[in-house]
There are 2 protein chains.
Amino acid sequence: MSDATFGRAPTLENPLLGLLLIRPMHGYDLHQVLIDNVGMVWHVRQSQTYSTLDRLERRGLIVGDIEEQANRPQRKVNSLTAAGRQRADKWLVTPGRCSVQIIRMDLPVRLFILAHLAPRRVPEVLADQRQAIFDGYMDMNRSLAAIPPDQPYNRMAVAFRVHQVWAMLEWLDHLLQSYQNNSA
Amino acid sequence: MSDATFGRAPTLENPLLGLLLIRPMHGYDLHQVLIDNVGMVWHVRQSQTYSTLDRLERRGLIVGDIEEQANRPQRKVNSLTAAGRQRADKWLVTPGRCSVQIIRMDLPVRLFILAHLAPRRVPEVLADQRQAIFDGYMDMNRSLAAIPPDQPYNRMAVAFRVHQVWAMLEWLDHLLQSYQNNSA
DNA sequence: TCGGATATACTCACTCAGTGAGTATATCCG
DNA sequence: CGGATATACTCACTGAGTGAGTATATCCGA
């Protein structure tokens, strides 16, 4: 997604698709789940949730059914299409690339969803993710070592990334540990 | 800038303004400087450079003078207006907020410019930056400690940030050290 | 009881940084 | 000589996210 062309890299598509794996939900509910669980670090506007859902529907990844309510406005309940489910399933268990932005945005939501759908799989998914980050870390170290000394600013910037990725590994280790402690 | 409304957070404005502190330059030259110095981590399209310069000019931060060349196409040399210079000066020496994205994008370029304009000031600017990051780190730790235990995903995401900011401090320490070694 | 505040649920017109593809003039080199 | 490359730049477009708003219903203090 950070290989975006035009526009921007969409940040909310996969998390919304993923949440719909848990159960079909209307926009307001989806939005509430995000606010309630990661609202301290991820400030999602309500209109962003809806515009993203519109896009997902336009792209055939979800369908919406209007539902009448007794004492509330009607709502549109979104569910995954086969294509949407496929994409969400893949996103849920496939290790994200070694990118700080992707891990930061996606992993907590992925873990939330896994906790609902397949709690037993969490350590495995975390270990896979750690491996992907570790591989990326090694690549970056090789890149850093290959930079000639007359490139101080490139060195500086790549070293920055190396530090960031190493911190991700540390964080993942803490996570893995806490999941292992909690399953003992 | 990550408090953006509409559009996106512009990433290239300040670096271009800052580079023009060194000397007036045309678009192609500015672009070359970026590619040559941070091109391994920052992939700037030529058209992005020009569209950003257009925006800066529209906003009265730079002016362009057409210059004829003997055996080359004419070029437009950009220089800072007073407002542009003010903004660039401030950006150059003011510590960036405690944001991984901002430090990652801006600090290597800021240091490159300082190396040209005021090499003696680099350690001081780095120390100021470190202080700002450290303050942010302490804030984040307080935030983390204040999250109730029934908020595992918010905790997870804030902890991620804490790790990232701590890695920034480590990186800055390495930088400070290398500048102090090189000035001994 | 009333009505402003809030909850539930969603829409719409807009913003605007960055993009790919292209243009123009000049030089290089097999 | 002419295709490739360097120098220097433009243009129409893309598209995710935004603020402000709409509509129905409930809450609760004066």
Side-chain angles (χ1 to χ4, degrees), chain A residues 1-17 24-36 39 42-59 61-62 64-78 101-102 105-106, chain B residues 1-17 24-36 39 42-59 61-62 64-78 101-102 105-106:
Chain A
M1 290 299 175
S2 41
D3 309 308
T5 58
F6 297 121
R8 312 176 209 179
T11 59
L12 205 47
E13 287 191 0
N14 286 326
L16 290 184
L17 287 174
M25 286 186 251
H26 63 286
Y28 192 82
D29 207 0
L30 282 162
H31 188 253
Q32 286 290 86
V33 169
L34 285 172
I35 296 301
D36 289 345
W42 200 0
H43 311 295
V44 184
R45 306 290 197 288
Q46 208 181 12
S47 52
Q48 184 184 358
T49 301
Y50 282 100
S51 64
T52 304
L53 288 171
D54 285 348
R55 189 184 325 126
L56 291 173
E57 188 166 20
R58 207 185 313 139
R59 290 180 175 165
L61 299 171
I62 61 173
D65 295 302
I66 307 290
E67 174 183 285
E68 299 293 340
Q69 290 190 99
N71 295 322
R72 281 282 184 265
Q74 66 179 21
R75 55 167 57 144
K76 178 166 156 188
V77 179
N78 306 287
Q101 176 77 353
I102 287 184
M105 301 305 281
D106 283 358
Chain B
M1 290 300 176
S2 40
D3 309 306
T5 57
F6 295 125
R8 311 176 210 178
T11 59
L12 204 47
E13 287 191 2
N14 286 327
L16 289 183
L17 287 174
M25 286 187 252
H26 62 289
Y28 192 85
D29 208 359
L30 283 162
H31 188 253
Q32 287 288 85
V33 170
L34 285 172
I35 296 300
D36 289 345
W42 201 359
H43 311 294
V44 184
R45 304 303 194 281
Q46 207 181 15
S47 50
Q48 185 185 356
T49 300
Y50 281 99
S51 64
T52 304
L53 288 170
D54 284 347
R55 190 186 323 128
L56 290 173
E57 187 165 21
R58 207 184 315 139
R59 292 180 174 166
L61 298 171
I62 61 173
D65 293 305
I66 308 290
E67 173 183 284
E68 298 293 340
Q69 291 190 95
N71 295 322
R72 280 280 183 269
Q74 68 179 19
R75 57 171 51 149
K76 178 168 160 189
V77 179
N78 307 287
Q101 177 77 355
I102 287 183
M105 302 304 282
D106 282 358

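Note that the structure is predicted; figures quoted are calculated from it, not measured. Basis for what follows: all heavy atoms, side chains included, without hydrogens, waters or symmetry-related copies. In what follows, every chain begins at residue 1, and chains take the letters A, B, ... in the order their sequences are listed.
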Select from L12(B) and V77(A) the residue whose nearest nucleotide in DNA chain C is closer to the 5' end of that strand.
-> V77(A)
Between R72(A) and T49(A), name the one whose nearest nucleotide on DNA chain D is closer to the 5' end.
-> T49(A)
Could you list all N or O pairs between the protein and nucleotides 11-15 of chain D that sit under 3.5 Å apart?
from	atom 1	to	atom 2	distance (Å)
dT14(D)	O2	G7(A)	N	3.2

Any Y50(A) side-chain nitrogen or oxygen under 4.0 Å from OP1 or OP2 of dC10(C) | yes
With Q74(A), which residues qualify under side chain to side chain donor-acceptor pair (under 3.5 Å), at least two apart?
-> none
Can you check whether R75(B) has a side-chain N or O nearer than 4.0 Å to OP1 or OP2 of dA8(D)?
-> yes
Sequence neighbours excluded, the answer for side chain to side chain contact (heavy atoms under 4.5 Å, CB included) partners of Y28(A) is H26(A), Q32(A), Q46(A), Y50(A)
Is R45(A) near enough to dG19(D) that one of its side-chain N or O atoms lies under 4.0 angstrom from OP1 or OP2?
-> yes
Taking only side-chain nitrogens and oxygens of T11(A), does any of them come within less than 4.0 Å of OP1 or OP2 of dA16(D)?
-> no
Near-strand residues of residues 28-36 of chain A, defined as heavy-atom separation under 4.0 angstrom from DNA chain D = none
Set of residues satisfying side chain to side chain contact (heavy atoms under 4.5 Å, CB included) with respect to T52(B), sequence neighbours excluded | L12(B), E13(B), L16(B), Q48(B), R55(B), L56(B)
Contact summary for P24(B) and V77(B), nearest pair of heavy atoms = CB-CG1, 3.7 Å
Where DNA chain D forms stems, i.e. three or more consecutive Watson-Crick or G-U pairs with both distances under 3.5 Å | C:1-30 with D:1-30
Quick one: label Q46(B) by what it contacts on the DNA or RNA (base, sugar-phosphate, nothing), any heavy atom closer than 4.0 Å.
-> base
By salt bridge (charged side-chain N to carboxylate O under 4.0 Å, His left out), which residues pair with D106(A), not counting sequence neighbours?
-> none
Would you tell me if any nitrogen or oxygen in the side chain of N71(B) comes within less than 4.0 Å of OP1 or OP2 on dT25(C)?
-> no
By salt bridge (charged side-chain N to carboxylate O under 4.0 Å, His left out), which residues pair with R72(A), not counting sequence neighbours?
-> none
